Q: 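Can you keep this structure in mind? I'll have questions shortly.
Keep in mind that what you see is a predicted model, and the values were worked out from it rather than measured. Quick note: numbers below take in every heavy atom, side chains included, and nothing from hydrogens, waters or symmetry partners. Counting convention: from 1, in listed order, for ligands and their atoms alike.
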Amino acid sequence: MRVALAGLAAAFLLIVGILCWSKFERHGPRVSTSAAIQVLGRSTPLDFDVQSDAPGLRSVTVRLQSGGTTYDLLSESFPAVSWWRSGVLQKRLHVEPDLVALKVPEGAATIDVSVETYAWHLLPVSHTPRLTVPVTIDLTPPKVEPLTTQHYVRLGGMDVAVFRQSPDTVRSGVQVDKYFFPARTGLFTDAGVALVFFAVPQDLAPDVRPRLFAADAAGNQREMYLPCEIKPRHFAERTLAIDDDFLSRKVPEIAHESGMPVSGDLVQDYLRINRDLRQQNDARIRQVTAHPAAQPLWDGAFRRQSNAAPLSSFADRRTYTYHGDVIDHQTHLGYDLASLKLSPVEAAQNGVVVFAENLGIYGNTVIVDHGLGIFTLYGHLSAIAVQPGEHVKTGQTLGQTGETGLAGGDHLHFSVLLSGVQVDPVEWWDPHWLRDRVTAKLTMFPRAATPAGAEHNDEQARPRDSTPPR
Ligand SMILES: [Zn+2]
């Protein structure tokens with residue numbers, strides 16, 4: 001009898017023990033945010049990571065408390081998969097609440113995250129939120145006011161806009177389809193005046209409408225169309241016949257310089273150079289031009305290589321043939337200039353060398369920073385005479401022309417880049433264009449002696465999608 005009672009008691013304790021082990025949490029549920037939340041705008045994305053021990057989460061509720069009113073932002077339940085558990089031990093929750101639609105007032109507020117689990121509790125369950133974050137609600141987008149009037153841009157060219165932005169602006173610029181051109185402040189004594197160089201890149205349609213853009217710390221955005229007339233143009237079409245002599249001279253040289261493995265099939269290796277390596281090289285160009293000088297370093301029009309005849313102009317549409325068959329199409333971004341072999345290559349303007357080495361299809365290459373996002377590129381050199389970090393003057397020798405990279409003969413490949421995007425160099429060679437479009441804007445207001453925070457927007461005009469501009 002005693003033995004039986006003891007056995008019953010042991011069995012009871014075992015069941016209680018199993019229940020305790022399975023239904024009581026050792027720790028309470030935990031909530032964290034993946035990023036610091038301080039200011040909430042019109043639709044700020046919020047992410048929460050919620051964790052629990054067995055038996056798992058029952059529900060998570062995210063609320064906003066403001067001025068005595070509670071706004072439900074998110075509520076998610078996790079159904080039980082058996083009599084005792086949901087089995088959901090961790091969950092990332094994402095919400096982008098529309099605070100304007102919810103009519104949340106601006107000012108101080110708190111975010112509360114409450115969590116329920118399937119655990120039993122010996123003491124009454126506390127309804128205290130698991131996470132409380134004090135925030136400020138800001139639903140007012142920054143203000144922008146254009147100070148330049150009508151803009152005229154040639155497709156593939158660029159212009160400069162000056163505008164006033166409210167002090168809460170943290171990011172501003174001009175969006176042209178998939179390209180974003182960052183604005184710069186600190187150039188003028190009036191800290192509220194910003195200046196932006198923007199291009200209408202050659203691969204866009206001429207009916208694109210550039211938009212002035214500003215955002216504040218809460219992510220509130222202001223956008224307006226810039227009055228802009230875009231002049232369409234037809235780019236030249238050229239056919240280049242690729243022969244075996246060219247392939248056997250160029251493919252091994254470029255593959256060797258770039259560390260690219262070769263398959264032995266010259267045409268296939270050539271196509272990988274013309275397509276993949278070209279893209280890699282252009283990505284490298286965007287990388288080395290990402291942090292321009294915050295002041296204009298140039299003084300007057302850009303110099304065009306002396307006594308050189310143009311071989312091809314900006315944005316030629318090229319068709320490549322081999323034994324009469326079309327094998328590739330590419331756009332030639334730059335200007336090809338030829339004179340005597342091994343001619344000295346002249347710096348187009350004052351600037352700082354940021355790149356001086358081999359760059360795949362461009363061969364031996366020098367890139368010079370002229371400030372405010374403007375760079376020049378010199379390709380196919382047979383010799384380089386400068387080093388990164390070196391200050392150069394207009395006309396100074398950067399090296400010697402040659403035919404390194406994808407060049408069939410001795411010439412200079414010259415490019416002008418704005419925020420990593422190739423623009424037509426012809427504009428920068430024209431003193432009238434430079435005076436009316438650029439210098440006039442840079443002198444609209446008294447200039448600051450030393451720029452303060454002049455480089456707060458130093459990212460590139462990278463397309464929003466992952467495809468590099470071709
Ligand atoms: Zn070229």
Q: Restricting to salt bridge (charged side-chain N to carboxylate O under 4.0 Å, His left out), what partner residues turn up for Asp243, sequence neighbours left out?
A: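 Result, salt bridge (charged side-chain N to carboxylate O under 4.0 Å, His left out) vs Asp243: none returned.
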Q: Only counting residues at least two apart or in another chain, list the ones meeting salt bridge (charged side-chain N to carboxylate O under 4.0 Å, His left out) with Arg238.
A: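 Partners of Arg238 under the salt bridge (charged side-chain N to carboxylate O under 4.0 Å, His left out) test: none.
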Q: Side chain of Asp159, backbone of His151: donor and acceptor closer than 3.5 Å?
A: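 Answer holds: no.
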Q: For the pair Asp216 and Arg171, find out whether any cationic side-chain nitrogen is under 4.0 Å from an anionic carboxylate oxygen.
A: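 Not counted as a salt bridge, because no side-chain N and carboxylate O are separated by less than 4.0 Å.
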Q: Not counting sequence neighbours, which residues clear salt bridge (charged side-chain N to carboxylate O under 4.0 Å, His left out) with Arg154? List them please.
A: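 Asp424.
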Q: Identify the residue among Thr132, Leu131, Ile37 that makes a side chain to side chain contact (heavy atoms under 4.5 Å, CB included) with Ile111.
A: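 Of the listed options, the one satisfying the test is Ile37.
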Q: Give the total of protein N/O/S atoms at a distance below 2.8 Å from the Zn ion (ligand 1).
A: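 Count of protein N, O, S atoms less than 2.8 Å from the Zn ion (ligand 1): 3.
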